[in-house]
2 protein chains.
Amino acid sequence: MANIRDVADSAGVSVATVSRTLQQPERVSPKTRSKVMAAVEAVGYRPNLMAVKFRSGKTHNLVVLVPTVANVFFARVISGMQEAAAELGYSILLANTLGNADIEQHYAKMVTTSQADGLIQLRAHNPFDASVINDNGLLPMVNACEVIDDGQYPVVSLDNRAAAKAMTEHLIGLGHTRIAMVKGPDSSPLTQERLCGYKDALRDADIAFDEQLLFPGDFTLQAGYHAGETISTLANRPTAVFCENDETAIGAMQAFKQANLRIPDDISVAGFDDIAFSAFVDPPLTTIAQPAEEFGRTSVTLLVDLLNGKIRKAPKVIMPFELIVRESTGTISTRE
Amino acid sequence: MANIRDVADSAGVSVATVSRTLQQPERVSPKTRSKVMAAVEAVGYRPNLMAVKFRSGKTHNLVVLVPTVANVFFARVISGMQEAAAELGYSILLANTLGNADIEQHYAKMVTTSQADGLIQLRAHNPFDASVINDNGLLPMVNACEVIDDGQYPVVSLDNRAAAKAMTEHLIGLGHTRIAMVKGPDSSPLTQERLCGYKDALRDADIAFDEQLLFPGDFTLQAGYHAGETISTLANRPTAVFCENDETAIGAMQAFKQANLRIPDDISVAGFDDIAFSAFVDPPLTTIAQPAEEFGRTSVTLLVDLLNGKIRKAPKVIMPFELIVRESTGTISTRE
DNA sequence: CTGCAAAATGTAACCGATTTCATTTTTTAA
DNA sequence: TTAAAAAATGAAATCGGTTACATTTTGCAG
């Protein structure tokens with residue numbers, strides 16, 4: 001692989017001149033410039049950006065820790081990140097952690113070992129072990145989607161509580177009073193926040209909260225299906241089910257159909273995220289739309305600002321949500 | 001950020017000794033070793049891996065060009081890659097190209113500028129421009145899923161023709177003779193290969209190929225829906241529709257339902273890929289399962305072998321497929 | 001034509017690790 | 001006790017760029 005010295009020799013100039021020709025062409029004479037450019041072509045020079053990054057101490061790489069790229073919502077977030085990163089001259093190092101602490105550690109270490117400038121974490125979990133944090137103070141991290149809101153790091157999130165409340169109110173508005181909820185993992189703050197919003201709405205409507213109407217889930221189709229099966233067989237079946245994400249809702253809908261329940265006549269189903277599939281299931285799913293791509297773009301922008309010292313104290317960005325009413329929710333059937 | 005010299009000073013040894021302590025502990029005396037380890041702790045040393053990679057000339061980074069991470073099939077492939085890469089000590093640099101040539105170029109250049117050791121391309125397109133190829137001969141690339149089969153690069157693919165033939169035969173076996181096909185982009189070799197398989201099966205069954213039964217698509221839900229709408233209104237409607245991927249099939253199913261067509265009584269629908277959603281739509285989708293994660297794992301393994309010079313000539317790995325018969329395909333309804 | 005400022009170019013240090021080769025210290029055998 | 005061999009350690013080169021500083025060349029005014 002030809003290096004800058006080869007170019008310099010071939011052009012009969014010094015390496016400094018070559019470097020200048022490529023970085024600040026106006027600083028070299030036109031004659032030299034063309035001589036150098038010709039030499040670059042002649043020897044097939046490609047700069048070793050590893051060397052550049054090493055010397056500059058700036059990698060222009062950003063690590064993104066995503067629980068799973070198989071989650072359609074995250075896929076959209078990532079697209080947004082990629083876009084913003086490209087514009088700002090950064091590359092995304094995507095870590096599909098799959099909930100595996102080792103993988104998470106491995107990629108997080110890229111920041112502490114100068115392989116990346118910063119990190120975006122999409123889970124509510126600090127990937128840096130204590131020793132690192134104590135040694136170096138805060139690390140360049142932005143926390144998005146599912147956040148730890150301790151004011152330490154910049155945060156990009158949704159008002160999940162308000163969104164869940166809005167959805168629950170929508171269901172209440174349709175006349176439902178027995179509204180089940182299929183949760184995410186209890187360890188996830190998302191689950192907690194959305195549960196709070198659900199309770200808020202019930203309280204406001206003077207509907208007693210019933211622990212029995214909560215069903216466990218983990219944001220997968222399978223979990224939704226399983227919850228749906230359980231709910232189908234219930235003696236005093238709820239008339240509406242609010243699922244904490246669309247995958248879960250789609251899984252549950254499938255179970256209801258197999259139990260010969262009509263949606264929404266027998267049971268209303270609502271999701272969260274507005275993934276592409278939601279509009280193409282039968283019936284189309286009522287859900288909460290999140291600006292997923294915008295989450296990604298904002299996270300990247302924020303992180304780059306942080307890296308450039310443009311941020312004093314950790315900002316908290318709350319993204320807007322939108323209630324998307326489709327056909328999976330409706331009034332209680334009179335035929336019951 | 002503490003560097004190796006700080007450690008050396010703190011421990012009262014040379015940098016060489018520090019390096020050896022960390023790389024080959026058995027080469028230093030136990031006394032020195034503990035002294036150095038203590039110093040490492042004391043100064044909070046984290047090796048600058050950028051420097052290491054620069055010097056060694058090996059980045060242990062692999063670039064992956066994926067058309068879109070929003071495609072659920074690719075999401076699975078990526079998971080497999082990440083897994084294999086982690087095991088082999090490599091990191092994945094994921095480029096969500098979104099069909100954008102600039103992004104593709106940007107990431108491909110990471111290989112030619114020493115920022116990554118190799119590249120995996122999931123599209124049938126050589127991302128390196130001619131100049132690079134001419135200068136350096138073949139670049140370390142593996143082509144997977146949608147491949148350019150010119151024998152230049154290692155390839156990991158499916159026998160798409162055979163798979164499409166198998167699916168078409170399944171439909172013919174159910175009694176269908178008017179079988180529509182919703183294609184992918186015509187520019188994609190996948191489209192071509194699957195179309196060939198479709199024709200193969202028709203020919204074997206002495207069914208005339210009808211150009212009118214081909215519908216354009218681009219692997220999205222929207223395209224499937226659109227094709228489905230068109231097909232619904234056809235005078236001489238086909239009794240089965242073979243879609244070139246699951247997203248398309250799910251989109252088409254939605255259109256059929258809205259046109260009050262029963263699946264599979266009025267029309268059978270088949271997909272390709274066996275994404276997770278396929279089992280959770282109504283009715284569950286008949287499709288071709290591809291070992292997506294295995295695609296990813298194999299691609300990475302192959303690329304690493306290539307990098308280590310363990311490969312003489314470009315191998316061609318054909319992955320197995322499986323016909324998954326669910327409920328979206330059936331015999332023609334007698335009620336017609 | 002001379003002198004000086006500005007422009008162009010070159011020399012060499014530097015980034016942080018690894019590694020070769022040289023040197024010192026320790027161990028072993030005579 | 002001493003010489004030779006082995007082990008431990010250190011000094012310095014190296015990877016490929018960038019850049020501060022030094023030097024040379026050019027341009028222009030007097």
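These numbers come from a predicted model, not from an experiment. Proteins get letters first, then strands, A, B, ... in listed order; numbering begins at 1 in each.
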- [ ] Could I get the full list of salt bridge (charged side-chain N to carboxylate O under 4.0 Å, His left out) partners for Asp149(B), not counting sequence neighbours?
- [x] Lys316(B)

Open item on the list: Would you call the rings of Tyr90(B) and His60(B) parallel, tilted or perpendicular, taking 30° and 60° as the class edges?
Closed with: parallel

TODO: Going 5' to 3' through nucleotides 9-16 of chain D, assign each nucleotide B (protein heavy atom under 4.0 Å from a base atom), S (under 4.0 Å only from sugar-phosphate atoms) or - (no protein heavy atom that close).
DONE: BBB--BBB

Open item on the list: Using 30° and 60° as the class boundaries, would you call the ring planes of Phe54(A) and Phe54(B) parallel, tilted or perpendicular?
Closed with: parallel

Open item on the list: Counting only heavy atoms from other residues, nucleotides and ligands, does the tally under 6.0 Å from NZ of Lys109(B) exceed 12?
Closed with: no

Task: Whole angstrom value for the distance that separates P of dG17(D) from CG of Leu49(A) - done: 9 Å

TODO: Using the test salt bridge (charged side-chain N to carboxylate O under 4.0 Å, His left out), find all partners of Arg123(B) that sit at least two apart in sequence or belong to another chain.
DONE: Glu104(B)

Task: Separation between OG1 of Thr68(B) and CG of Leu98(B), rounded to the nearest 0.5 Å - done: 6.0 Å

TODO: Considering only heavy atoms of chain A and a distance under 4.0 Å, specify the first and last nucleotide of DNA chain C in 5' to 3' order that meet this criterion.
DONE: dA8(C) to dG16(C)

Open item on the list: Please report the end-to-end axis angle for the helix from dC1(C)-dG30(D) to dA30(C)-dT1(D), five pairs per end, rounded to 10 degrees.
Closed with: 50°

Task: Sole candidate of Thr59(A), Asn61(A), Asn308(A) that passes side-chain hydrogen bond (donor to acceptor under 3.5 Å, both in side chains) when paired with Asp117(A) - done: Thr59(A)

TODO: Return the minimal non-hydrogen interatomic distance between Leu190(B) and Cys145(B), and the atom names on each side.
DONE: CD2-O, 3.8 Å

Task: Pair listing, salt bridge (charged side-chain N to carboxylate O under 4.0 Å, His left out) test, anchored in residues 69-98 of chain A, at least two apart - done: Arg76(A)-Glu293(A), Glu83(A)-Arg297(A)

Task: Distance, rounded to the nearest Å, where Gln24(A) contributes CD and dG17(D) contributes C1' - done: 14 Å

Open item on the list: Rounding to an integer number of Å, can you tell me how far Leu22(A) CG sits from dT18(D) C1'?
Closed with: 12 Å

Open item on the list: For the CE atom of Met50(B) and the CD atom of Gln115(B), what is their distance to the nearest 0.5 Å?
Closed with: 7.0 Å

